[in-house]
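Everything below concerns the one structure shown next.
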Amino acid sequence: MKVLELNKETEKILLAELKKRDPGSMTKYEDAVNDIIENVRTNGDKALFEYTKKFDGFDLNAGNILVSEEEIEEAYKDTDKKLIEVIRKALVNIRAFHEKQKQNSWFTSSENGTFLGQKIMPLERAGVYVPGGKAVYPSSVLMNVAPAKAAGVKEIIMTTPAGKDGKVNPAVLAAAKEAGVDKVYKVGGAQAIAALAYGTESIPKVDKIVGPGNIYVALAKKAVFGNVSIDSIAGPSEILVLADESANPKYVAADLLSQAEHDEMASAILITTSKELADRVLEEIEGFIEKLPRTDIIKASLENVGHILIAESMDEAIEAVNNVASEHLEILTKNPLETMTKIKNAGAIFMGEYSSEPLGDYFAGPNHILPTNGTAKFFSPLSVDDFVKKSSVIYYSKEALNEVHEDIEAFARAEGLYAHENSIKVRFGED
C-alpha cells in the first residue's frame, strides 16, 4: 500500500488512480461488446448458444436454457442447509428495509377545478444479472430482487452463466428461489445483457437490467441503456475507512482486506489523522495476508489501488472523504455519529467498530448494490425507486384554465411556439 501525507497533490493522485478503474474509460473492449450485442439482437438464440459454447464451454440450446424446477430442487439438496437458513434470515432484514422505501401515488385538488398528482406504478418486467467467475454471489441475488419485489414488479427474470456441466451454482439458485425470481436462464456475459435488452426466442425483453458483472457486462449495460433502463455501470469494489487514533488497527486492517479480496482493481483506502494507527494497520495487514486465502488478489489490489493517507486534521480528512465519494465508507472515530453528519458523499456509511462492511453486504438490510467510481456524488444505492415509474396527472376545469390562459399564451409567444398558444386560445373562442 502507498502511504502518503494527505494534501491537495496526493489527493489529486489518488482520484486519478481511482478514475482509471472506471469501466466507461476502458474503450478497448467496446468494439467486441458492440459486436456481441448486434449479433444477439439480429440472431437471437442462435448467437446466445454460440457464445455460450465459446466462452463457457457449455452446449446451450432451447431445451436447457431455462433452469427447471428439478434443477432448483437439486440445488436445495446441494446447498448447505445452514446457508439456506442464513439466506432466509437475511431476506427478512432486506425486505423490511426496502418495504420502508415504498411511496404511494398522491393527488391534490382545488376548489376552482384543478386536480394534480403523481401516479406511481411498478415496472412490468425486470432482468437481474448475476455473475459467475472469481466468486459466487447469492447475496447479490437477494439485493437485486428484494427491492423489485417490494416495488411490485410483475415478473423478475435472472440470467447467470452455467459451468461446462450446464449447472448453475446451487447457492445462487436457492437464493433466487427464496427471493422470488420467476425464471432463471443459463446465460452470462455481454450476450446475456443483449438478450435481456432486446429479447430472443427464449428470453423475453425486460424494462430494466440490474446487477453487477465484469467489464464486458458493464460496457454492455452502457451500450443498451436507452432501449432499456439500467441500475448503473458498476466498477470494482471500494472501501474507504476514516479513522482517528481511537480506532482498532486490527479491525481497520481486516475491513480493508474485506474489499481487496474482491478483485485486483478493488480499492482499499485508509484516511487517518494518526501516523501511529497507519503504521500498526500496515503491520496487521501483513499478518492477515499470511493467513487469508485469495492472497494473490489481495496483494494485487493493495499494490494497484491501496492507499493510506495521513491527514493533519479531521476536517481535512473529511473533505478528502467527500471528494473520493467511496462506495463503502467506514467511520471509526471517537464519535462516529457526529462525524457522519459531515459526510456528503458515500454509497453506504458504516459507523463504529462493530459495523464492518460485510454486515451491509449480507445481513443488515440496506442494499449492497452501490455507486462506485465517485458516482456517490450523484447516484444512490439500488432501491425500490429503481423499479417504479412515475406519471404526472393533470386536470383543469374550464374555470381553472380561464384564470390562467392568458399567462400560458404569453409564455408560448415568448418562446415562438404559436401552435402552443393556439392550443389554449381556441378553447376560449379566440382566433
Side-chain angles (χ1 to χ4, degrees), residues 19 21-48 51 118-131 140 143-145 147-148 151-160 182-183 185 187-236 327 347 367 369-392:
K19 192 63 179 175
R21 303 154 58 253
D22 182 357
S25 67
M26 299 182 185
T27 55
K28 64 180 179 180
Y29 301 101
E30 285 185 343
D31 287 344
V33 168
N34 289 335
D35 287 345
I36 291 172
I37 291 172
E38 187 55 35
N39 192 5
V40 173
R41 184 178 185 178
T42 303
N43 298 304
D45 277 357
K46 180 177 182 291
L48 286 185
Y51 285 129
Q118 181 172 264
K119 185 178 180 183
I120 299 177
M121 299 156 287
L123 302 182
E124 287 285 322
R125 183 184 291 131
V128 176
Y129 184 85
V130 178
S140 284
M143 293 293 181
N144 280 288
V145 176
V153 174
K154 291 185 178 180
E155 185 179 15
I156 301 172
I157 67 174
M158 188 176 103
T159 62
T160 189
D182 294 294
K183 294 176 182 177
Y185 294 92
V187 184
Q191 59 271 25
I193 301 302
L196 292 170
Y198 298 105
T200 71
E201 296 89 333
S202 296
I203 299 177
K205 180 187 184 305
V206 302
D207 299 309
K208 182 157 193 166
I209 302 171
V210 299
N214 62 18
I215 183 62
Y216 294 96
V217 169
L219 290 177
K221 288 169 71 176
K222 178 184 176 183
V224 301
F225 176 65
N227 187 68
V228 292
S229 178
I230 63 171
D231 51 351
S232 64
I233 303 169
E327 177 188 19
N367 210 286
I369 309 296
L370 303 166
T372 59
N373 289 309
T375 60
K377 291 179 178 178
F378 44 84
F379 282 145
S380 303
L382 191 71
S383 73
V384 168
D385 283 348
D386 285 286
F387 296 96
V388 299
K389 51 190 174 132
K390 302 171 183 178
S391 295
S392 300

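For reference, positions follow the sequence shown, starting with 1.
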Determine yes or no for a side-chain-to-main-chain donor-acceptor pair under 3.5 angstrom, with [X] supplying the side chain and [Y] the backbone.
{"X": "K46", "Y": "N39", "value": "no"}
{"X": "K221", "Y": "S232", "value": "yes"}
{"X": "K208", "Y": "F387", "value": "no"}
{"X": "D45", "Y": "T200", "value": "no"}

Closest non-hydrogen atom pair, [X] against [Y]:
{"X": "Y185", "Y": "P204", "result": "OH-CD, 3.7 Å"}
{"X": "V130", "Y": "T160", "result": "O-OG1, 2.8 Å"}
{"X": "Y51", "Y": "D35", "result": "OH-O, 3.9 Å"}
{"X": "A376", "Y": "G347", "result": "CB-N, 3.7 Å"}
{"X": "V187", "Y": "Y129", "result": "O-CE1, 4.3 Å"}
{"X": "L196", "Y": "V228", "result": "O-CG1, 4.5 Å"}

Does [X] reach the side chain of [Y], with side-chain heavy atoms less than 4.5 Å apart?
{"X": "P236", "Y": "T372", "result": "no"}
{"X": "I193", "Y": "Y216", "result": "no"}
{"X": "N367", "Y": "P147", "result": "yes"}
{"X": "L48", "Y": "I203", "result": "yes"}
{"X": "I36", "Y": "V33", "result": "no"}
{"X": "Y198", "Y": "N227", "result": "yes"}

Rounded to the nearest 0.5 Å, how far does [atom2] of [Y] lie from [atom1] of [X]?
{"X": "N34", "Y": "R41", "atom1": "CG", "atom2": "CZ", "answer": "11.5 Å"}
{"X": "Q118", "Y": "S392", "atom1": "CD", "atom2": "OG", "answer": "6.0 Å"}
{"X": "E38", "Y": "N43", "atom1": "CD", "atom2": "CG", "answer": "9.0 Å"}
{"X": "K28", "Y": "L219", "atom1": "NZ", "atom2": "CG", "answer": "11.5 Å"}
{"X": "N144", "Y": "D231", "atom1": "CG", "atom2": "CG", "answer": "6.5 Å"}

Within 6.0 angstrom of K119 NZ, more than 12 heavy atoms from elsewhere: no
Result of checking K389, K154, E155 against E124 for side-chain contact (heavy atoms from CB on, under 4.5 Å): K154
Is the closest basic N to carboxylate O distance between R125 and D182 below 4.0 Å? no
